[in-house]
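Right, one structure below, let's go through it.
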Amino acid sequence: MNAEEMVADLVSALDLERIEENLFRGRNTGEGFRRLFGGQVIAQALVAASRTVADDRPPHSLHAYFMREGDHSVPVVYQVERDRDGKSFSTRRVIAIQHGRPIFNLAASFQVEEKGLEHQFDMPDVPGPETLISDMDWRLQFADQIPEAALERFLQERPIEFRRVDPSIPGSGASPPQQNIWFKAIAPVPDDAALHRCMLAYASDMTLLSTSERPHNIAWWDEAMQIASLDHALWFHAPFRIDDWLLYVQDSPRSSGARGFNRGLIYDRSGVLVASVTQEGLIRKRDLA
C-alpha cells in the first residue's frame with residue numbers, strides 16, 4: 001500500500017461498526033509485534049465512547065488498563081456504559097471484549113469547550129524532523145536482530161512516521177531514561193478533529209514504554225524479557241493535526257517491581273502543548289532456566 005492507502009486503512013479501522021445500542025465492533029490494523037497493538041484498542045475504545053456523546057463535548061482525558069493479551073486474528077467488540085451526562089461533562093466506560101472475555105477497559109471524560117486560565121511547559125529546543133533519519137532507515141539498521149517470525153511485520157510500512165532525535169539502537173548500550181521523537185501521519189487526514197484525537201491516541205502507545213527500558217540496555221525483542229503495556233492515560237489540551245509533525249517528549253522517572261513508569265508531553269510545531277500521556281508497563285525478566 002502507498003502512504004495514502006495506509007492512512008485510509010487506519011481511518012477505516014477507526015470507523016467502528018455499530019452492532020447494537022452502545023455496542024461496537026472494530027477490525028484490527030496491521031500494526032503489532034507478537035500481539036494485538038495496544039494503541040489500536042485505545043483508539044477504537046475512544047471512538048466507541050465518543051459515538052455516545054454529543055459532538056460539542058470533545059474528550060479531555062482517558063484512563064485505560066490492559067487486562068489480557070489481545071488476539072490479532074479476531075475483531076474486538078466494545079461495550080460502552082453511559083455513566084453520566086452533566087451540564088458540562090460526560091463520562092463513559094468502555095470494555096473491549098474478545099472470545100467472550102474482557103481484554104481492556106477505558107474510562108473517558110468529555111467536556112463542553114470553554115475558556116480558562118492557561119500555562120504550559122515550554123517545548124524543548126531539538127532538531128527539526130526534516131534533519132533526522134527516517135523511521136524505516138532507523139529500523140533497517142538492526143533488522144538482522146529481529147526474530148525471523150516478526151521480521152516482515154517489523155519492516156512493513158506504517159501509517160505513522162517516527163523520527164528520533166536520539167536514533168540509538170535498542171540494546172546497544174545503557175542511556176538516560178529520556179527521548180524526544182517527532183511523529184505524524186504519513187498522508188493527509190480528513191478534517192475531523194475527533195479522528196485526529198483518536199489517531200493521536202493510537203500513536204501515543206508506540207514508543208513510550210521503551211523510555212523505561214533505555215537505562216537497562218533492553219531490546220524489546222529480547223526473548224529474556226516480558227514487555228507489555230499495563231495502563232495508559234491521555235489528556236487532550238489543545239487542537240492539533242495528526243498529519244503535521246508533533247514532538248513527543250518522553251521520560252521515565254522510575255522503574256521498580258518489574259514495572260516501568262513513563263511520561264510524555266506532546267507539542268505541535270509551534271510549541272503548543274497539545275496532549276500529555278502517562279503509562280506504566282511490564283518490564284520483567286523471564287526465567288529461561
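Owing to the predicted nature of the structure, the values given are computational and were not obtained by experimental measurement.
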Set of salt bridge (charged side-chain N to carboxylate O under 4.0 Å, His left out) partners for [X], sequence neighbours left out:
X: Asp122; answer: none
X: Glu130; answer: Arg269
X: Arg93; answer: Asp83
X: Arg197; answer: none

Report yes if some heavy atom in the side chain of Phe261 is under 4.5 Å from a heavy atom in the side chain of Ser256; otherwise report no.
-> no
Leu46 and Leu234, any side-chain heavy atoms less than 4.5 Å apart = no
Hey, what's the ring geometry for Phe154 with Phe142, parallel, tilted or perpendicular (30° and 60° as the breaks)?
-> tilted
Where does the angle between the aromatic ring planes of Trp235 and His63 fall among parallel (under 30°), tilted (30 to 60°) and perpendicular (over 60°)?
-> perpendicular
Is a side-chain donor or acceptor of [X] paired with a backbone partner of [Y] at a separation under 3.5 angstrom?
X: Gln98; Y: Val74; result: yes
X: Trp138; Y: Pro167; result: yes
X: Arg139; Y: Gln156; result: yes

Can a side-chain donor-acceptor contact be found between [Y] and [X] if the only test is distance below 3.5 angstrom?
X: Asp166; Y: Ser175; answer: no
X: Ser90; Y: Arg57; answer: yes
X: Thr207; Y: Gln250; answer: yes

Kindly check if the number of other-residue, nucleotide or ligand heavy atoms within 6.0 Å of [atom1] ([X]) is above 12?
X: Glu21; atom1: CD; result: yes
X: Asp55; atom1: CG; result: no
X: Arg68; atom1: CZ; result: yes

Not counting sequence neighbours, which residues clear side chain to side chain contact (heavy atoms under 4.5 Å, CB included) with Ala8? List them please.
-> none
Sequence neighbours excluded, the answer for side chain to side chain contact (heavy atoms under 4.5 Å, CB included) partners of Ser134 is Met136, Asp137, Glu161, Arg163
In terms of side-chain geometry, is the basic nitrogen of [X] or [Y] positioned less than 4.0 Å from the acidic oxygen of its partner?
X: Lys184; Y: Asp268; result: no
X: Asp85; Y: Arg92; result: yes
X: Arg51; Y: Asp15; result: yes

For the ring pair Tyr248 and Phe162, is the centre-to-centre distance below 6.0 Å?
-> no
Hey, quick one: are Leu14 and Ile186 part of the same hydrophobic cluster, counting side-chain heavy atoms closer than 4.5 Å, chains of contacts allowed?
-> yes
Arg27 and Asp9: salt bridge (charged side-chain N to carboxylate O under 4.0 Å, His left out), yes or no, with the steps?
-> CA-CA 10 Å; Arg27 68 171 181 85; Asp9 185 64; 2.6 Å; yes
